[in-house]
Each structure stands twice: as C-alpha cells, then as structure tokens.
Amino acid sequence: MKISINNAHLYDVSAELTLVFALSTDELLHEGVLSELCFKAEQDEICYLSEFKTLYVGVEANEHDLFRSAAATAIITVSKYKYKSLKLAQYDVNNSEGIFSALVEGFLLGGYKFEQYKSEKSPLFLEEIIFSSRTLEDEHSELALLEAKLLHAQICANATNFARDLVNATPEDIYPAKLSQIAKELSEQNGMSLKVLGEEALAEEKMNAMLCVGRASRHETQLIHLSYTPKNPVATISLIGKGLTYDSGGLSLKPAASMVSMKLDKSGACAVLGIMKAISELKLPVEVHGIIGAVENMIGGDAYKPDDVLIAKNGKTIEVRNTDAEGRLVLADCLCYAQEKVKSDYIFDYATLTGACVVALGQHTSGIMGHSASLKESICDSAQKTGELVGALPFNRYLKKQLKSDVADISNISNKPYGGAITAGLFLDNFIEKENKEKWMHFDIAGPAYVESAWGYNPYGASGAGVRLTLDWLSNLK
Ligand code: BES
Ligand code: ZN
Ligand code: ZN
C-alpha cells in the first residue's frame, strides 16, 4: 500500500474515499447527518456516510496514541470496502505532537494481517492513502519534513510487522537454524555482518547453560551475532534477544493449555531482528550488535533435568529446579558472550521471560528492570512517544535472597511464589559484570509480545513489542 503526501487542500485531492478524524461533533462538514446517526466522536467510534463517500472516526483527545489507534480502526474498516484510494487531512502542523507519524504507523500496524497459513487470503482493494499537507483548518505543514517523517514511520512500522511475521510463524517453520538463515538474509540485504555459532563453537565458548536447554531438541542450538557498524558511531549498544523457537517447558512440562502459543517465546529475538532491520535502513549513527540465543526447549532422553547443575559461561554454577525457567539460562550465557565480545555503552535484553510479569503489569505492558534510574527514565520517555507501555519493576535485596541455592551458586527459580518477574531479572543481574551494571536494561515483554484479543493497533498474534520503543530510543542517542 502506497502512502503519499499532497500539497493541495483535502477537498482538492482526488481519491475515492475521504477519512475524517473527529475530536468532537462540532464543526464537522456533515454535522447534521452525523447527529441524526447519533455519532458521538468517542474513541474508535466509526460512522460511514456512503452518500458522501466519507468515513468518520472518533478520537477522544489530541494525543498521538489515540490517533494511532483511530487510524488502525479506520484501515480495518476501509479494508472491508472496495475503495482503491483514501484521502485525509493532516492533523498536526509540522508533526509537532507526533500525530502525523502516529497516523502512518496506525495504518500500517493496524492493517497488518498474518495469512501465511490460510488457503484463501483476504482481498486487498485499497492501493493508496493520500495525506493533504494541510489541516482541515487549512494550516500548512512543510512537505519535506512530512516526507522525512513518513519514511521514518514506514521503516519503523514495517520493521515491527517484520518481527510480527517471524513470531507468528510456526515452530516447524522457524527453528534455530532458520532464524540464523533469516539473519543471514537480513545481513546481506542491509549491509550488516553476521556470525553464527553452532553447538561446537558454543561448547568452545563454554556456553553450557544455553547448550543444556537445547539438548533434547532435534534442532541445533545457535547463537546469532548480527552487527551494524556505521563509521564514527555516537555510541555502541548490544541488544540481546531470547530466541526460544518453542518452549514446551522441557521436563517441567507446561500444562496443555499453557503450551499453546509458545511459539511466541522467540519474540525477544524477533524484536532484535526487527530493530536491526530498521536501524540499517534508517542509517542511524549507532553501532548495534544483535545477539540472539536461538534454542528449542523440548523433552526427551537427552533433556536437561531439574537437579542438574549447569556451569554458565562466566563460571557461575546454576542449580536447575525447573526446566521451564529456561530463558534466563539462555540469556545468562548470551549476556556473558555480549560483554566479552563487544565493548558497549548500553546492553539491553528482550525476553518473554515470565508469566509473573503479565500478572504484575497486565497483558499490555512490558516490565523494565535495571540499576540506572536515568536510563529507565529515558526508556519511559520513548515508551510515551511510541505508545508502547512499560512499567519499571524495582529490584531489592530481599528478593535477591530468594534465588539462593543449597547446592550451587544460584538457583534458576525463586524459592517463593511472589515477585517472579523481578527475581528473573535479578537472576540475570548475576551475569552482568560490575562495570556494566548501569548500562544494562532488561525488558520482560511476556505480556504485550503476543496478543490474545486485539487491542489498539495490535491485531491477534504477535505485536512486535519493543521494536518501535527501542528505535525511538536509539534515534535520540547523541
Ligand atoms: N516463556 C515462558 C514465560 C511466558 C509465559 C511468556 C507466558 C509468555 C507468556 C518462560 O520460559 C516460563 O515458562 N517461565 C516460567 C518461570 C517459572 C518456572 C519460574 C513461568 O513464568 O511460569
Ligand atoms: Zn519456559
Ligand atoms: Zn520461555
């Protein structure tokens, strides 16, 4: 679908259908008819006036995320019609409130459909969306600025949809080596370098915790290291992704109902790939290393077990008390690898790590954990700007004690049933070197990564959580 900008006033732009966002019912062109139809301009409320070829969508307040959501509602509605072109005004002079970018993202994210496994694909009639560079009140925005914002928003939304496609694919289609192949294609297309470590190389690197998690799988465990290295970068950052292409729970097997949708457990890895795709297209002046632990957690005679003691890459011993707490074992080794191989200014990890995080914050919000208050604050700013929701979960020394083990340096699960998202974060903290504590941030995306019932601009399935937030944060690095 093509999105373009036209310098003419909305009424002079030619298109089959007009879209109007209504903040209130006053001063609308079709006020009388809308009133007869009891249109109240509530958030995401729609009213289609076929005789005027105009679709009205309500927006509760002048906030970019409400426009993002309204754009998604509009595109879902329009995709049921046969119109080929749609026009709308600009709602934010020079995009000062971020509303123009939000509308572009809302169209692309809300219009996303995953139909890879459907024999019949839904027809796509709409070919073009045309923005007027003027508001309904005829205030004008700079065309060049809008063009730049359009390109930026398209790259970010398409990268999010790229991550969604990967997460939505089945574990039969995306297993660790396949994820490596996708990273390879991305590296070739976007001019990045790639290193893949198979099981032999991982053993040489002493990444025993990660290797044990994947031992019962018929698929080889792999570490993917994708690097984007522009000249004279302003900063270097490592992004570590949990890439469990399937999480059955292992011998601590998940109950049948909880296992359904565990293809989502590669969401952290796919977010990292999406971010890498976008930064290389945006050509950001930041050196970025994407490091992915691609593993499948299965059962079998060769499976790792509760009672095993694993030695992680940094030499710490881990008592396994539950094989379903596997993500932290994979991340432990990947965090050690990242710190040994790359001298970074920032280290972020993304993981669908705990059900406890969903209990704590709900299904829409990612948990963020780390030691630097200022880093947390800057991440909250990016969340606010992109409409992603985050909540900071605080570490404390009492919860840290819950990971004590009688047989090894640390246990892979807490000895108490509370604070599970934080104890998982504290587990990872054991694998962060002293000098890197302030550089590290852990994102538990278990809640928003996979959408069970559509919300906002997220249809059923993978959401691409973490991608747009991180891209905004990276774009602000100086
Ligand atoms: N991948 C799961 C976490 C998860 C649960 C993600 C639900 C998305 C939705 C993770 O590997 C896991 O199973 N964690 C356990 C930890 C427990 C054994 C300490 C959990 O959350 O139950
Ligand atoms: Zn698990
Ligand atoms: Zn998992």
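Order of listing sets the numbers, starting from 1, for every ligand and every atom in it. Keep in mind that what you see is a predicted model, and the values were worked out from it rather than measured.
Only the side chain of Asp247 comes within contact range of ligand 1, with a heavy atom under 4.0 Å; no backbone atom does.
Of the protein's non-hydrogen atoms, the one nearest atom 7 (C) of ligand 1 is Met262 CE, 3.6 Å. In this structure, the protein non-hydrogen atom closest to atom 15 (C) of ligand 1 is Asp324 O, 4.0 Å.
Closest N/O/S atom of Glu326 to the Zn ion (ligand 3): OE2. Nearest N, O or S atom of Asp265 to the Zn ion (ligand 3): atom OD2. Looking only at its N/O/S atoms, Asp247 has OD2 as the one nearest to the Zn ion (ligand 3).
In the vicinity of Ile413, heavy-atom distances shorter than 4.0 Å reach the ligand 1 atoms 19 (C).
Between Glu296 and Arg218, none of the side-chain N atoms (NZ, or NE/NH1/NH2) sits under 4.0 Å from a carboxylate O, so this pair counts as no salt bridge. Salt-bridge annotation for Glu185 and Lys277: absent, with no side-chain N of the basic residue lying under 4.0 Å from a carboxylate O of the acidic one. The residues Asp409 and Lys316 are annotated as not salt-bridged, no charged nitrogen and carboxylate oxygen being separated by less than 4.0 angstrom. With respect to the salt-bridge test (charged N to carboxylate O, under 4.0 angstrom), the residues Asp324 and Lys254 qualify.
In this structure, Glu326 contributes its side chain and Gly250 its backbone to no donor-acceptor pair below 3.5 Å.
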